[in-house]
Amino acid sequence: MTHNLKLTNSFTRKKELFKPINPKSVTMYACGPTVYDNPHVGNARSLVVFDTLFRVLKKIYENVNYVRNITDVDDKIIEASKKKNKTINEITEEVTKIFHQNCKSLNCLKPTMEPKATSHINEMVEMTKSLIKKNFAYEANGHVYFSVSSFKNYGALSNKNLEDLKAGSRIEVSKFKKNPMDFVLWKPSAEGDPGWESPWSRGRPGWHLECSVMSEKYLGKQFDIHGGGLDLIFPHHENEIAQSCSNNSSEKFSNYWVHNGFVTINKEKMSKSLGNIISITEAVNKYSGQVVRLALLSAHYRQPLDWNDKLLENQRSTIEKWYQLYDETNEEISLELIDTLLDDLNTPGFIAKIHELYTKANKGDKKSKKIFNSACKLIGLFDLNKNEWENFKKINKDISEDFILKKIEERLAAKQKGDYKLADQIRNELLNKDVIIEDQKGKTTWKFK
RNA sequence: GGCCACGUGGCGGAAUGGUUACGCAGAGGAUUGCAAAUCCUUUUAUUCCAGUUCGAUUCUGGACGUGGCCUCCA
């Protein structure tokens, strides 16, 4: 298949033609969740964006190796454990389970691999040893720090230089660090906290290390795409580069860096500290997974996306409208159509094309109808068939079908008698209960709002 | 303070050196007992200033504004 996928590479800050290392097999790593608390809509954006990229890559390459990690050792998990009076395992298992449910309801495909940090402690210890041996890291009082000044390209991804970083430093400087910018590879654990034996202390790895270790293990020392939210550029991804390139004596780690923009609420970043969090579970229960998914894809992935009821209601009526032409079908989509997605994953442009297909299909064009359905499925919509979608809407509605059908009969009788006042009254009564009555081609149908 | 992104019609949101998507909302019409749904038609825009150009919303510079990163964060 010929194609020209373009991606905006955060490293060069330019849109570039994508050329994988292996022309038939693509390698992609995306930073997954730290499992300490319910994932929120901001996390969902990352999930959906990289899932969509995964789907597009699968469409044009024979093989796509997509790794998304789970961070299950972290200070925030320890805090959550103490705060909620639960064990570390209880917390991480519980949140991982919710995360997987969220992925499913958003119709995200399973990544090729989903490695956990705690299953790779040995490799992280080995990498730390190696970095010390090569003089990129040093031990101090049970801690191991990466020496930032030893890596000459430090700041290349985030476009920062060490002088500026020092000048604006808000970092808590540990007395053991040689340089305030140095970051931790290994730290000792307090008694009772999760810890593993190591040459330096009973402790745990620093956050950045797992991604370096796991990406190398499953994708190689150099791979094609590394993704995550915009806020991971510094320090997380910068530090991954420093560790991996130093240890491998290589210039490159990931060839393309892809970062998604934030979900905002009232134009402000959704974040725990601002307390403006909406969980994925909450959003999905209210609007359904695919409405949430469509909303997340309604703006280009690098732009901010403001989360509000109007946006969601809008997407909901779009999905509702599109379901009228739902079809179990699998028509091959032309490259011309996919081209919009290949241009830096332009999902809003692609959605516009779906609207156009809908219009044509609705006029009776059978081929457009098939392509319309395939296009929806390509970006992960229509995971529920029409019945399942109608059933979904019945959840949280305390009204029985029998009651609705009885009311429809009463209304029909009223209409036949010419009592339109009563007929309208019944229709309004049902509308107040979120039931919409439609008279079409001599038949009366109903559906939930 | 350093760095980055953005500023498109009533709203959301793409694209583009000249013909100006798409959705929602609005207007008119078809249909309907009236509606709803659907169909047809349709109004409205590129923050400001300067430069490059035959021509800029698009390129360059500046101003103003908004948000983000520089500490954990998708």
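Residue numbering restarts at 1 for every chain, and letters A, B, ... go by the order of the sequence lines. Hydrogens, waters and symmetry mates play no part in the numbers below; they use all other heavy atoms, side chains included.
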### Query
Contact class for Ser298(A) vs. all strands (heavy atom < 4.0 Å): base, sugar-phosphate, or nothing?
sugar-phosphate
### Query
Quick one: do Lys86(A) and Glu94(A) make a salt bridge, cutoff under 4.0 Å?
yes
#### Entry: C1' spacing across the pair G13(B) / G7(B), given as an integer number of angstrom
13 Å
### Message
Heavy atoms only, 4.0 Å cut-off, all strands: where does Asn159(A) land among base, sugar-phosphate and nothing?
### Response
sugar-phosphate
## Note on the structure
Whole-Å distance, Ile354(A) CD1 to A14(B) C1', equals 14 Å
### Task
For A35(B) and G29(B), measure between their P atoms and round to the nearest Å.
11 Å
### Message
Closer than 4.0 angstrom, basic N to acidic O: yes or no for Glu409(A) and Lys406(A)?
### Response
no
### Query
When the nearest nucleotide of RNA chain B is assigned to Asp306(A) and to Asn43(A) on a heavy-atom basis, which residue is associated with the more 5' position?
Asp306(A)
### Message
Rounded to whole Å, how long is the line connecting atom CZ of Arg45(A) with atom P of C73(B)?
### Response
19 Å
### Query
What stem regions, each of at least 3 consecutive Watson-Crick or G-U pairs below 3.5 Å, can be found for RNA chain B?
B:1-7 with B:64-70, B:10-12 with B:22-24, B:26-30 with B:38-42, B:47-51 with B:59-63
### Task
Using a heavy-atom cut-off of under 4.0 Å over every strand shown, decide if Asp424(A) touches base, sugar-phosphate, or nothing.
base
### Query
Rounding to a whole Å, what distance do you find between Ile436(A):CD1 and U32(B):P?
21 Å
### Query
Starting at CD of Glu438(A) and ending at P of A35(B), how long is that distance when rounded to a whole Å?
15 Å
### Message
Measuring from the side chain of Trp207(A) (C-beta onward, heavy atoms only), which nucleotide among G33(B), C73(B), C69(B) has the closest atom?
### Response
C73(B)
### Message
Closest approach to the side chain of Arg427(A), judged atom by atom: which nucleotide of G33(B), A74(B), A21(B) is it?
### Response
G33(B)
### Query
Which part of the nucleic acid, if any, lies within reach of His300(A) when heavy atoms closer than 4.0 Å are counted: base, sugar-phosphate only, or nothing?
sugar-phosphate
### Query
With sequence neighbours left out, which residue pairs that include part of residues 295-310 of chain A fulfil the salt bridge (charged side-chain N to carboxylate O under 4.0 Å, His left out) condition?
Lys286(A)-Asp309(A)
### Query
So which nucleotide from G33(B), U71(B), A36(B) ends up closest to the side chain of Ala423(A)?
G33(B)
### Query
Do the side chain of Asn65(A) and the main chain of Thr112(A) share a donor and acceptor less than 3.5 angstrom apart?
no
### Query
So what does Val263(A) touch, heavy atoms closer than 4.0 Å: a base, only the sugar-phosphate, or nothing?
base
### Task
Would you classify Lys267(A) as touching base, sugar-phosphate or nothing, given that sugar-phosphate means primed atoms plus P, OP1 and OP2, and contacts are heavy atoms under 4.0 Å?
sugar-phosphate
### Message
Using atom P in both nucleotides, what's the gap between U42(B) and G23(B) to the nearest angstrom?
### Response
13 Å
### Message
Heavy atoms only, 4.0 Å cut-off, all strands: where does Gly32(A) land among base, sugar-phosphate and nothing?
### Response
nothing
### Message
Parallel, tilted or perpendicular: which one describes the rings of Phe253(A) and Trp257(A), with boundaries at 30° and 60°?
### Response
tilted
#### Entry: Value in whole Å for how far the P atom of A21(B) lies from NZ of Lys360(A)
17 Å
### Query
Contact class for Pro39(A) (heavy atom, under 4.0 Å): base, sugar-phosphate, or nothing?
nothing
### Query
Can a salt bridge be assigned to the pair Lys447(A) and Glu320(A) using a cut-off of 4.0 Å between side-chain N and carboxylate O?
yes
### Query
Angle class for the Tyr323(A)/Phe382(A) ring planes (parallel below 30°, perpendicular above 60°, tilted otherwise)?
tilted
### Query
So which nucleotide from A36(B), C69(B), G33(B) ends up closest to the side chain of Tyr420(A)?
G33(B)
### Message
Angle between ring planes, His237(A) versus His226(A), binned at 30° and 60°: parallel, tilted or perpendicular?
### Response
perpendicular
### Task
Could you tell me whether the side chain of Arg45(A) and the main chain of Phe262(A) form a donor-acceptor pair under 3.5 Å?
yes
### Between P of A14(B) and CZ of Phe350(A), the distance in whole Å
16 Å
### Query
Between G2(B), A15(B), G13(B), which one does the side chain of Asn346(A) approach most closely?
A15(B)
### Query
Under 4.0 Å between a side-chain N or O of Lys269(A) and OP1 or OP2 of C69(B)?
yes
#### Entry: A37(B) versus C49(B) - spacing of their C1' atoms, nearest Å
50 Å
### Query
Should the ring pair Phe183(A) and His208(A) be called parallel, tilted or perpendicular, given that the plane angle runs from 0 to 90° and is split at 30 and 60?
perpendicular
### Query
Under the 6.0 Å and 45° cation-pi test, does Lys360(A) pair with Tyr358(A)?
no
### Nearest-angstrom distance, C1' atom, C4(B) to A25(B)
35 Å
### Message
So Lys160(A), base contact, sugar-phosphate only, or nothing? Heavy-atom distance under 4.0 Å.
### Response
base
### Message
In whole Å, measure the gap between the C1' atoms of U8(B) and U66(B) for me.
### Response
15 Å
### Message
Side chain of Arg411(A) only, heavy atoms from C-beta on: which candidate in G12(B), C4(B), C34(B) is closest?
### Response
C34(B)
### Summary
Glu79(A) CD to C72(B) C1', in whole Å, measures 9 Å
### Task
Compare the minimum distances between each of A74(B), C70(B), A37(B) and the side chain of Phe234(A), then state the nucleotide with the smallest one.
C70(B)
### Any Gln440(A) side-chain nitrogen or oxygen under 4.0 Å from OP1 or OP2 of A36(B)
no
### Summary
Assign each of Lys415(A) and Leu305(A) the nucleotide of RNA chain B bearing its closest heavy atom; nearer the 5' end lies the nucleotide of Leu305(A)
### Task
Find the distance Tyr29(A):OH to A74(B):P and express it as a whole number of Å.
13 Å
### Query
Using a cut-off of 4.0 Å on non-hydrogen atoms, how would the nucleic acid contact of Gln315(A) be classed: base, sugar-phosphate, or nothing?
nothing
### Query
Looking at Asp434(A) and Lys393(A), does any basic side-chain N land under 4.0 Å from a carboxylate oxygen?
no
### Task
Using the P atom as the reference point in each nucleotide, state the distance between C24(B) and C39(B) in Å, no decimals.
9 Å
#### Entry: Closest to the Lys363(A) side chain, choosing from A74(B), C39(B), C34(B)
C39(B)
### Task
Quick one: label Leu431(A) by what it contacts on the DNA or RNA (base, sugar-phosphate, nothing), any heavy atom closer than 4.0 Å.
nothing
### Heavy-atom donor-acceptor pair, His143(A) side chain to Asn141(A) backbone, under 3.5 Å
yes
Give me, pair by pair, the N or O atoms of the protein and of nucleotides 23-30 of chain B that are less than 3.5 Å apart, along with how far apart they are.
from	atom 1	to	atom 2	distance (Å)
C24(B)	OP1	Lys321(A)	NZ	3.4

### Task
Describe the nucleic acid contact of Gly228(A) in one word from base, sugar-phosphate, nothing, applying a heavy-atom distance below 4.0 Å.
sugar-phosphate
### Task
With P as the reference atom in both, quote the distance from A63(B) to G2(B) in angstrom, rounded to an integer.
12 Å
